[in-house]
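Reading through the structure tokens given below for one structure.
Chain letters run A, B, ... following the sequence lines, proteins first and then strands; every chain starts at 1.
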There are 2 protein chains.
Amino acid sequence: MTKYAKMILEIVETSRSHITAEQIFDQLRRTCPGVVLATVYNNLNRLWQDGLIRKISVEGIPDRYDRIARHDHLVCKGCGRLVDVDLNDMTEQLQRQVGVPILSYDLKLVYWCEDCLAERNTENDSAGAP
Amino acid sequence: MTKYAKMILEIVETSRSHITAEQIFDQLRRTCPGVVLATVYNNLNRLWQDGLIRKISVEGIPDRYDRIARHDHLVCKGCGRLVDVDLNDMTEQLQRQVGVPILSYDLKLVYWCEDCLAERNTENDSAGAP
DNA sequence: TAATGTAATTAGAATGATTCTAAAACGGCG
DNA sequence: CGCCGTTTTAGAATCATTCTAATTACATTA
């Protein structure tokens with residue numbers, strides 16, 4: 001594991017999760033001013049392929065990187081923001097159901113966060129009022 | 001619902017799932033030669049926001065669109081290909097666990113498809129042989 | 001230590017999916 | 001018919017990510 005790989009892994013694991021490549025780049029640059037965005041992507045991809053970090057794709061926003069430790073996510077349908085949530089590990093039961101070996105699973109629960117819910121309500125109020 | 005929205009919804013629902021915007025565009029163009037890719041995206045986004053279709057983001061490949069009817073997906077870690085899988089509906093138990101209203105959930109099981117597994121094996125064989 | 005090969009990094013261009021903008025066309029309604 | 005909001009068009013623009021080629025660092029062997 002190279003110097004940058006180590007540092008990037010460290011950043012992903014200690015961040016409050018759901019960090020973008022750009023944010024990682026900014027953080028890394030504080031201690032390594034010469035580093036380049038491509039290096040960040042290279043290492044993120046390597047770490048991801050080696051199963052050391054998670055990559056989370058959400059529609060319409062840049063990919064997020066996350067610690068590997070088991071946990072799931074709430075995704076707001078309005079703003080796309082992610083929130084951690086700890087649910088029971090379902091790997092075994094899922095594997096039993098599908099009948100092929102499962103490396104991992106990615107579970108996103110779609111909901112409306114408070115902010116977006118409030119926003120929708122005010123919109124509807126003003127629109128609905130005659 | 002406009003003409004194009006209807007047609008695009010029809011295409012998404014009758015396709016064998018996991019279709020890209022580009023593929024929808026190609027298919028739509030057969031009957032509507034004048035149509036433009038932006039129109040496809042406009043309508044897909046509207047349909048998605050209205051909850052009439054699903055949008056599936058997988059790392060590194062263009063977004064896929066899918067019928068809304070409940071089902072889950074296997075995603076190959078190697079090639080990213082999606083396969084439908086029917087698992088029990090877990091909406092209720094998930095909602096009970098998280099304690100907030102869940103609109104829907106998106107479950108992807110990560111595995112190695114047969115092709116990628118075979119490819120990895122041959123690679124490892126040749127690499128491992130002295 | 002020098003030489004060598006392999007992998008990592010850099011710089012910057014290129015790609016490609018998606019969105020945006022402004023203008024034109026459409027459709028319903030008074 | 002003429003007006004207004006919505007939809008579509010055309011094409012430029014954006015922006016995350018990848019690619020290419022050149023350079024550098026590292027590890028190993030001679």
Select base, sugar-phosphate, or nothing to describe what Thr39(B) touches, counting heavy atoms under 4.0 Å on all strands.
base
Spacing between Asp50(A) atom CG and dA7(C) atom P, to the nearest angstrom
14 Å
Verify, without hydrogens or angle tests, whether Arg64(A) (side chain) and Pro62(A) (backbone) share a donor-acceptor contact under 3.5 angstrom.
yes
Pairwise side-chain contact, Leu103(A) with Trp112(B), heavy-atom cut-off 4.5 Å (strictly under)
yes
Side-chain N or O of Tyr4(B) less than 4.0 angstrom from OP1 or OP2 on dC26(C)?
no
Going 5' to 3' along DNA chain D, between which two nucleotides do contacts with chain A fall, using a heavy-atom cut-off of 4.0 Å?
dA16(D) to dC19(D)
Nearest-Å distance, CZ (Arg46(A)) to C1' (dT6(C))?
13 Å
Report the distance from atom CG of Asn43(B) to atom P of dT18(C), rounded to the nearest whole Å.
15 Å
Rounded to whole Å, please give me the gap between CG in Asn45(B) and P in dT18(C).
9 Å
What is the distance from CZ of Arg29(A) to P of dT9(C), rounded to the nearest Å?
17 Å
Asp50(A) side chain to Leu52(A) backbone, donor-acceptor under 3.5 Å:
no
Classify the nucleic acid contact of Asp63(A) as base, sugar-phosphate or nothing, counting any heavy atom under 4.0 Å across all strands shown.
sugar-phosphate
Mind checking whether His73(A) and Ile56(A) have side chains closer than 4.5 Å, heavy atoms only?
yes
Length of the line joining Lys3(B):NZ and dA25(C):P, which is rounded to integer Å
15 Å
If I take atom CD in residue Gln23(B) and atom P in nucleotide dG16(C), what distance separates them, rounded to the nearest angstrom?
16 Å
When you measure from the side chain of Gln23(A) to the backbone of Thr20(A), do you find a donor-acceptor pair of N or O atoms at a distance under 3.5 Å?
yes
Using 4.0 Å as the upper bound for N to carboxylate O, is an ion pair formed by Arg67(B) and Asp84(B)?
yes
In one Ile/Leu/Val/Met/Phe/Trp/Tyr side-chain cluster, 4.5 Å: Tyr4(B), Tyr41(B)
yes
Distance check needed: dA22(C) P versus Asn42(B) CG, whole Å only.
16 Å
